[in-house]
Amino acid sequence: MSLFLGFDASTQSISAILLGVDGDRAHVVFQSSLPFDEAVPQYGTRHGILPGSDPSEAVSSPLLWADALDVMLSTIAACGLDLRDLAAISGSAQQHGSVYLNASAQSALAHMDSARAPGDQLAGCLSRSVSPIWMDSSTSAECAEIAAKVGGNEALAARTGSRAFERFTGPQIRKFFKREPDAYAATDRVHLVSSFLASLLAGGHAPIDPGDGSGMNLMDLSRSDWWPQAVDATAPALDRKLPAIAPSWTIAGTLSPYWQARHDLPAAQVVVWSGDNPCSLIGAGLVREGVAAISLGTSDTIFGLMQEPRIDRTGTGHVFGAPTGAFMGLTCFSNGSLARERVRDMFALDWAGFSRALAATPAGNDGRVLLPWFVPEITPSVASPGLRRFGLDEDDGPAHVRGVVEAQMLSMALHSKWMQVAFDTIHATGGASANREILQVMADVFGAEVRQLAVGNSACLGAALRARHARAAAEGRPLDWDEVVRGVVEPLEGTLRPDRRRHAMYQELMRAYAEFEARALGN
Ligand code: XUL
């Protein structure tokens with residue numbers, strides 16, 4: 001049996017999945033997930049984020065990710081499987097976050113001491129001690145500056161797949177250059193979370209893949225290469241600080257001697273990492289057009305494969321590279337699990353109580369609407385968070401529970417219309433996809449069948465599947481993507497079917513929802 005390892009370094013946790021492949025049969029043989037706050041408590045993060053005073057800023061620590069990877073590898077090393085069979089490793093990481101390294105990094109990555117944890121050995125390589133992550137919304141000025149320099153947001157979206165977004169890496173790099181010019185000048189390499197962790201495993205700088213590269217406002221989508229105009233508009237000499245872009249199935253190197261010695265692992269191939277959403281595309285089995293996935297995680301996302309890039313003219317969606325070499329459309333909502341948890345806590349419920357409240361309230365919530373913008377929202381763009389209630393009584397817990405779920409589903413349906421795909425099937429993934437009451441609202445709002453996937457962490461599974469795909473390609477026996485996902489990405493029993501009457505009601509409610517949303521935004 002050959003083993004393929006996929007990691008997922010998400011906002012709040014590190015996960016790993018080992019895929020065992022015997023002939024043409026593949027299955028998950030091990031999986032584990034560790035919250036950063038518990039695995040590496042010395043960093044003092046809360047839900048994976050370093051505490052700070054400015055609510056528009058969100059940063060984490062690259063050293064924390066390195067140490068968490070080490071903790072996870074020691075868990076894997078102790079899992080009881082014969083890891084001499086480990087053939088290839090890849091990974092998925094939260095998108096957009098950036099890591100700033102000085103010129104000593106190349107040598108430091110190659111010469112680490114296997115007796116010591118990675119974090120403190122890498123501290124001297126950082127030209128910026130923190131990494132801004134995707135929840136940061138502090139770069140509106142930089143977004144406007146970059147867009148203006150490349151001929152406007154439409155031009156930027158047409159070329160890179162997205163208008164300028166606060167969390168995207170380019171605006172974040174520009175803010176760093178403006179605020180800390182000396183530290184920016186001392187930066188030799190700007191990595192994404194994904195390419196940083198791949199570099200760490202390979203013991204040398206790894207490339208960025210087009211899936212994660214397209215979340216930077218810097219990549220020319222059609223060429224899968226940096227767009228010089230955007231690079232120049234972002235910060236001086238940035239072209240010399242960016243890694244190369246290489247296809248998602250590129251072998252970045254071999255697991256470095258450091259990791260081999262530290263955890264008694266073989267010289268497995270390290271495959272380029274990608275973003276969590278591109279990895280989820282594979283892990284949710286979306287290797288053809290027409291099926292959407294909805295990931296209910298810290299952020300909620302809706303996405304699907306696109307053979308041709310169709311750009312969102314309304315400016316909320318993104319087109320990213322897909323790990324297959326095609327494209328993916330995606331819209332991201334920051335008030336995902338976070339908002340569901342906040343409503344649950346506001347009314348002192350547990351998840352069972354949350355589900356009971358949902359089941360006990362009428363579909364459509366008697367026309368009452370909640371806009372659950374607990375934190376700055378990405379879609380639609382809301383800079384000043386706060387709940388907006390229409391017809392809802394502040395003390396009515398069950399109506400708030402239904403309100404948050406219906407608003408999230410209506411918003412996802414409304415803001416994914418730009419993809420111009422009629423989704424008749426939705427694959428639900430992420431933590432909250434275990435909640436069937438939530439999935440029924442999803443089915444009714446979209447008028448689509450909803451399937452819950454057997455492996456919940458599609459990003460992590462996608463990374464393991466990408467490792468297998470890349471290894472086969474490197475050995476000259478390429479697998480097509482249907483073969484890669486077959487038998488591994490499987491729905492659980494009990495597809496949820498839409499109720500036609502409720503779907504018709506939600507289409508009416510969607511109009512009311514869109515009006516409330518526009519009014520709340522002052523449009
Ligand atoms: C996507 C986005 C989030 C992060 C979460 O654009 O910002 O989904 O990738 O990890």
Side-chain angles (χ1 to χ4, degrees), residues 7-15 33 35-36 47-49 58-60 65 68 91-98 131-139 143 157 160-172 192-197 208-219 221 273-284 293-304 312 315-323 327-339 375-381 408 412 415-416 419 429-432 457-460 462-463:
F7 285 107
D8 176 37
S10 76
T11 316
Q12 308 199 32
S13 56
I14 179 132
S15 307
S33 192
F36 291 129
H47 303 291
I49 303 167
V59 296
S60 188
W65 296 321
S92 141
Q94 56 172 309
Q95 294 200 250
H96 318 297
S98 40
S131 288
I133 63 160
W134 67 275
M135 294 170 91
D136 190 290
S137 58
S138 65
T139 61
C143 285
T160 69
S162 302
R163 68 163 169 82
F165 277 87
E166 281 75 1
R167 70 191 190 287
F168 275 42
T169 324
Q172 292 291 343
L192 292 175
V193 185
S194 58
S195 60
F196 168 64
L197 291 174
I208 286 178
D209 92 309
D212 222 9
S214 44
M216 300 174 79
N217 279 144
L218 291 170
M219 194 190 91
L221 205 55
W273 285 38
S274 187
D276 51 2
N277 293 297
C279 286
S280 273
L281 188 83
I282 304 302
I294 291 183
S295 165
L296 302 173
T298 307
S299 64
D300 286 347
T301 52
I302 176 165
F303 53 89
D312 178 13
T316 58
H318 314 295
V319 184
F320 293 149
F327 304 92
M328 64 183 287
L330 174 137
T331 307
C332 179
F333 305 81
S334 34
N335 285 280
S337 285
L338 208 131
V375 293
E377 180 49 68
I378 294 168
T379 310
S381 178
Q408 289 175 327
M412 275 197 260
H415 296 293
S416 57
M419 293 182 206
T429 83
N457 190 342
S458 56
C460 197

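What you see is a predicted model; the values in this text were computed from it and never measured. In each ligand, atom 1 is the first atom listed, and ligand 1 is the first ligand listed.
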Pair F165 and H96, ring centroids less than 6.0 Å apart:
no

Are side-chain N/O atoms of S92 and D8 paired as donor and acceptor at under 3.5 Å?
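Short answer, yes.
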
Any donor-acceptor pair under 3.5 Å from Q94 side chain to A9 backbone:
no

Using a 4.0 Å cutoff against the non-hydrogen atoms of [X], which atoms of ligand 1 qualify?
X    : result
Q94  : 10 (O)
S299 : 3 (C), 5 (C), 8 (O)
T301 : 8 (O)
D276 : 4 (C), 5 (C), 9 (O), 10 (O)
R167 : 1 (C), 2 (C), 6 (O), 7 (O)
C332 : 1 (C), 2 (C), 3 (C), 7 (O), 8 (O)

Heavy-atom closest contact (C460 atom, F7 atom, distance):
SG-C, 4.0 Å

For the residue pair F320 and L221, what are the closest heavy atoms and their distance?
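Result for this residue pair: C-CD1, 4.2 Å.
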
Beyond-backbone contact of P380 with H415, side-chain heavy atoms, under 4.5 angstrom
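Side chain of P380 against side chain of H415, heavy atoms only: contact under 4.5 Å found.
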
Below the 3.5 angstrom mark, is there an N/O of H96, backbone or side chain, next to an N/O of ligand 1?
yes

For atom 8 (O) of ligand 1, grab the closest protein heavy atom and report residue, atom and distance to one decimal in Å.
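Of every protein heavy atom, N277 ND2, 3.1 Å lies nearest to atom 8 (O) of ligand 1.
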
